[in-house]
2 protein chains.
Amino acid sequence: MVLARLILGLLSLSPMTGYELKKHFDSSINHFWNADKAQIYRTLAQLVDKGYATVRTVAQSNYPDRQEHHITEAGREVLAQWLAGGAAQSPERDPFMGQVFFAAELEREDIERLLLQRRKNTQYVLDDYLSQREGIDMRAAADRRSFLMAATLDHAIRQQAAELEWLDAVLEHLP
Amino acid sequence: MVLARLILGLLSLSPMTGYELKKHFDSSINHFWNADKAQIYRTLAQLVDKGYATVRTVAQSNYPDRQEHHITEAGREVLAQWLAGGAAQSPERDPFMGQVFFAAELEREDIERLLLQRRKNTQYVLDDYLSQREGIDMRAAADRRSFLMAATLDHAIRQQAAELEWLDAVLEHLP
DNA sequence: CACAGTTAGTTGATTTTGCACCCAACTGGC
DNA sequence: GCCAGTTGGGTGCAAAATCAACTAACTGTG
């Protein structure tokens, strides 16, 4: 599934431990995917099982051994096939929209509270993305890889901004 | 989880069979949630189990019996608690963004193909939403319920529109 | 009159996800 | 000196989601 491809993608950039992968999911990749620790380690094991990655145990003086995972040629092929195999469609699943859809049960103030709370969350997330983008801005246009990576962050920023606009419109016109 | 609440929400509007619920997920609700048939029937069984819904078997002359599910008072309470319990946050999971993130592996033309394919999909989905909206436009502002329901569709439309703009920007500036 | 589609619901197997734990050793701050 | 946090890895379990098939009778179209 998707998680396996994403992990292969990250491994294609650089060999990594499960721990480091988790950090990427929490920071550099958090605007379009997240994953549980346990899930990452299990998927890594599967990748090794299928021959898409290999493990090299690297001892460290102070810290636990690193289980460094390296992508194999077979792994790169699977990754390339995923990329070339057509654009994936998005899940289109938003629990909050479900809350709005059925929010008429609530009092007017409670609806406003709901929307304002979402607004706060969205603003918070947007600010996070904006601060992430500051670090890459200028150098991004240079090579294709950096450009595309930055572009996904821009996508998230646009989506959050659109969400804010929508929230404000709803708050303004709520009967 | 979320699916159970959404089903309760739909049942709160009107008693329904699993089959009818599935139709709602495929049409009126498809812009923010979808669900497998099997999942719907199993969740319905759980709701009945927990006392949040009751079943009434309605015989029909030609077609199979309808297992009409009615929301109970307990069910309405659970629904209300979900709505009042704070804004849910969105999953932030988009496989396509993963493809873009790692697309530098591909040739330039293949990247463009990927983006254009997505553009076509997005346009298609947007057109679907726009045609859905035509049927509700004017009467929407009237009561709160219709307004909120229409608002979630507007949200989806804004998101798709923002996606289109982003795709065009990426296609234009791709190095 | 055959065949596709609709109405209605169900089962089984498998995958994916999430949550809560657990281990061990180190590092930094009060 | 203690306690929280980091580095690194892992297990077990239950819930949720997906895929595929199967039943059965009707309706509409060519």
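Within every chain, numbering begins at 1; the chains are lettered A, B, ... in the order of the sequence lines, protein sequences first and strands thereafter.
- A/Val58 belongs to no hydrophobic cluster, as no Ile, Leu, Val, Met, Phe, Trp or Tyr side chain comes under 4.5 Å of its own.
- Residue pairs meeting the salt bridge (charged side-chain N to carboxylate O under 4.0 Å, His left out) criterion with at least one partner in residues 42-56 of chain A, sequence neighbours excluded, are A/Arg56-A/Glu68.
- Under the rule for a ring-ring contact (aromatic ring centres under 6.0 Å, His included), A/Tyr41 has no partner lying at least two apart in sequence or in another chain.
- With a cutoff of under 4.0 Å to any heavy atom of chain A, the contacted region of DNA chain C is bounded 5' to 3' by C/dT16 to C/dT27.
- The salt bridge (charged side-chain N to carboxylate O under 4.0 Å, His left out) pairs that include a residue from residues 162-175 of chain B are A/Arg158-B/Glu165, B/Arg118-B/Glu163, B/Arg119-B/Asp168, where partners are two or more places apart or lie in different chains.
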* **Base-contact (B) and sugar-phosphate-only (S) positions in nucleotides 19-24 of chain D, heavy-atom cut-off under 4.0 Å, - elsewhere** => B-----
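- For residues 6-34 of chain A, the salt bridge (charged side-chain N to carboxylate O under 4.0 Å, His left out) pairs, not counting sequence neighbours, are A/Glu20-A/Arg66, A/Lys22-A/Asp26.
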Acceptor/donor pairs from residues 33-40 of chain A side chains to any protein atom, 3.5 angstrom cut, sequence neighbours excluded:
unit_1: A/Asn34; atom_1: OD1; unit_2: B/Arg93; atom_2: NE; d: 3.0
unit_1: A/Asn34; atom_1: OD1; unit_2: B/Arg93; atom_2: NH2; d: 3.0
unit_1: A/Asp36; atom_1: OD2; unit_2: A/Ala38; atom_2: N; d: 3.0

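- Taken residue by residue, residues 84-99 of chain B places no heavy atom nearer than 4.0 Å to DNA chain D.
- As rounded to whole Å, 5 Å separates atom C1' of D/dG9 from atom OH of A/Tyr41.
- The ring-ring contact (aromatic ring centres under 6.0 Å, His included) test applied to A/His31 returns no partner, not counting sequence neighbours.
- The ring-ring contact (aromatic ring centres under 6.0 Å, His included) analysis of residues 74-107 of chain B, with sequence neighbours excluded, yields the pairs A/Phe32-B/Phe101.
- Chaining together hydrophobic side chains whose heavy atoms lie under 4.5 Å apart places B/Val55 alongside B/Val48.
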